[in-house]
Amino acid sequence: MTGFTRRETLALVGAVAGAGCSALPGSDDTTTLDGPALRSLVADGHSTVPERLPVTISSAHLAATEERARALVDAVPANLGPDAIPNGAIREHVRRAREGAVERVADAADAATEYERLGGFADARADARFAAGAWRAIDDGLTREDLRPAATRVREDRRALRARREYLGADPVTALAVHAAVERRLDTRVETDGRTRYRADNPLGVGELAEDVERARAAVDDAAHLYDQHVAGLDDSPTLRPRYRAARSTLRADFESERAELPAVDGDRPWTVEGVDVSETPAGEALDDLYQPIDPEYEDGWADGTLARSVLWGHRSFVSLRAFASLRARVAEGERFEIESVEDVAALRSEAVDAVRSANADPAVPTLTRAVLADVVRGLANADADLASSDDEVRVVSLRYPAANYLVVAARANATPSASDHVASALRE
Amino acid sequence: MPSPTRRDALRVAAALLTGVAGCSGESSSSSSYPSEPTGNVAFDPESHRLRNPEPIPLVWTGERPTATDDESHYHFSGRFFVAGAADVSEVGFADVSGADAARDFLDATDYDSETVYVEQSLVDECFTTTLCHVEWSESDVQTSYARTYRDADVACETDARDAVATLIRIPEAFDPREVNSYGSSRGTAPCSVRNDRRRRPRQEDERR
């Protein structure tokens with residue numbers, strides 16, 4: 001559908017509903033809560049869990065990618081007018097792309113960790129190269145054909161990295177995150193002859209390919225750097241490939257037997273718990289959300305993708321399974337999580353914030369745990385954003401989604417350390 | 001009445017997001033009628049295009065349309081058929097570039113085996129539309145257009161719209177009085193892709 005995740009989509013609906021401009025079908029609950037009190041719940045923000053990677057990113061590499069991003073932005077005039085690009089729609093498109101790149105560069109420079117800065121500059125470079133490529137097509141006659149050699153070089157470099165890469169590491173858990181980060185970057189492709197978003201001879205079509213080349217260039221260069229930094233500190237370590245394969249098999253078997261222990265779940269109605277239908281409550285929404293990744297109909301990540309990432313998929317599957325099981329058990333015991341007051345919302349949020357804080361402090365397997373938490377806190381941020389945009393009076397029905405998000409965050413965060421332990425044990429067997 | 005479930009919300013979200021995508025120009029597609037294959041189709045049919053920077057009616061049948069309360073607000077949903085010499089004599093053109101050739105196009109049509117369908121609309125000034133195919137049945141006519149940016153050196157603004165009329169030669173003579181359903185879709189995919197989708201809708205469904 002779009003690039004939105006399921007949770008982001010729900011957050012969007014929540015935000016729109018919260019803004020009072022959406023009529024979700026069938027809502028007739030007119031009970032309202034005090035908007036300013038809801039806004040004050042999130043006024044102080046919450047702790048974040050920035051993405052980290054257990055590898056040292058050199059300052060020279062970071063400086064080079066930042067410099068590249070800024071140079072690409074600077075290659076496009078800041079004030080494009082009709083003299084520069086007569087076609088107003090193309091002018092607007094290039095102008096917006098440049099503005100977006102400027103914001104991304106600023107965000108990347110302010111990011112909390114070196115790893116987030118690396119990813120931020122890679123994204124900024126792709127955006128900036130779109131604008132720069134389109135502008136060069138207009139100003140200097142750049143064509144897609146001119147970009148082919150650069151596309152070929154990046155493919156060759158990717159192939160060379162694939163050929164020399166091996167799953168090396170002193171510790172299989174620590175190395176897993178690095179190898180998954182490398183794998184993800186090696187997936188970036190450049191399509192020089194495939195279907196294009198824009199007509200190929202349009203300047204925007206040139207910008208599109210320039211963007212793809214830049215994204216792949218940054219991905220391959222960053223992957224090579226991460227890999228080289230990772231292996232530079234290693235003595236003669238054997239390949240972890242057989243260990244990762246064995247761990248994946250073990251984890252999958254463990255996951256399936258643990259899932260089989262769940263009380264029977266109707267995949268079409270995961271919000272029905274022992275005959276009780278909680279579908280119109282935050283718990284029902286949260287159960288629905290948590291069930292999706294463990295639904296036997298959708299579990300391709302075990303086999304799809306590359307080795308390190310499939311083990312991480314297993315980790316997240318355990319997190320979702322245990323989160324679903326624990327929330328389901330609480331519902332079965334009679335908890336309903338219904339929203340009747342601002343205090344109810346505050347309690348759900350506190351539980352989520354505390355769960356993230358507690359999991360983040362868990363010393364057992366921080367590399368695995370924090371990788372999941374970095375995603376989990378996005379749900380917290382989305383729910384907080386919903387509350388922050390509250391009108392003066394907020395219908396309780398529109399709070400169902402942020403409340404569900406808090407429940408999901410708490411359940412996932414609570415489930416993460418034990419899932420990390422399980423995965424780490426399988427990897428170190 | 002029950003309040004919405006999460007799945008209801010996702011459906012609403014999908015609709016909302018479709019709406020959002022529809023606002024974004026290059027990634028948009030629009031359709032004034034849900035497109036279902038009607039049986040007959042002509043890919044890249046013979047056609048003639050009139051385009052004018054003023055949003056005025058470019059072609060009409062019978063009396064020339066007049067502005068209503070505001071000179072700039074004409075009805076642009078205008079569409080009609082030309083099915084014979086008598087119809088041709090009723091057609092009028094604005095004094096715009098290409099009008100003579102458009103009349104020649106009507107005159108050169110063999111109405112024993114062909115029908116001309118005229119479709120008129122407003123198009124964003126910085127974009128152009130290309131006719132990809134036309135579908136028709138006894139009661140229904142649908143057109144499909146690819147929408148692309150005009151060249152970078154075409155001076156235009158994002159808030160301006162041009163009038164565009166397309167005269168389409170349908171390779172069949174039929175009685176247009178039976179037609180009561182009209183549709184037109186536009187998207188950013190090129191005609192080769194749009195036509196391919198129309199040729200193989202079944203395979204397209206299977207890939208989803």
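Because the structure is predicted, anything quoted here is derived from the model rather than measured. First the proteins, then the strands, lettered A, B, ... as listed; each starts at 1.
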Report, one line per pair, each donor and acceptor closer than 3.5 Å where one atom sits in a side chain of residues 135-143 of chain A; sequence neighbours left out.
unit_1: A:T143; atom_1: OG1; unit_2: A:E145; atom_2: N; d: 3.3
unit_1: A:T143; atom_1: OG1; unit_2: A:D146; atom_2: N; d: 3.1
unit_1: A:T143; atom_1: OG1; unit_2: A:D146; atom_2: OD1; d: 3.4
unit_1: A:T143; atom_1: OG1; unit_2: A:D146; atom_2: OD2; d: 3.2

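By the 6.0 Å contact criterion, CG on B:D110 is enclosed, its count of non-hydrogen atoms from other residues, nucleotides or ligands being greater than 12. Enclosure of atom CG in B:D95 is not indicated, since only 12 or fewer non-hydrogen atoms of other residues, nucleotides or ligands lie within 6.0 angstrom. Residue-environment remark: CD (B:E63) stays at or below the threshold of 12 foreign heavy atoms within 6.0 Å.
Residues of residues 151-162 of chain B lying under 4.5 angstrom from chain A, judged on non-hydrogen atoms, are B:D151, B:A152, B:D153, B:V154, B:A155, B:C156, B:E157, B:T158 in numerical order. Identified by a heavy-atom distance below 4.5 Å to chain B, the contributing residues of residues 81-89 of chain A are A:I85, A:P86, A:N87, A:G88, A:A89, in residue-number order.
By the side chain to side chain contact (heavy atoms under 4.5 Å, CB included) test, A:E335 is found to be paired with A:R330, A:F337, residues two or more places apart in sequence or in another chain being considered.
The line from OG1 of B:T188 to OH of A:Y198 is 9.0 Å long, rounded to the nearest 0.5 Å. With rounding to the nearest 0.5 angstrom, the SG atom of B:C126 is 7.5 Å from the CZ atom of A:R91.
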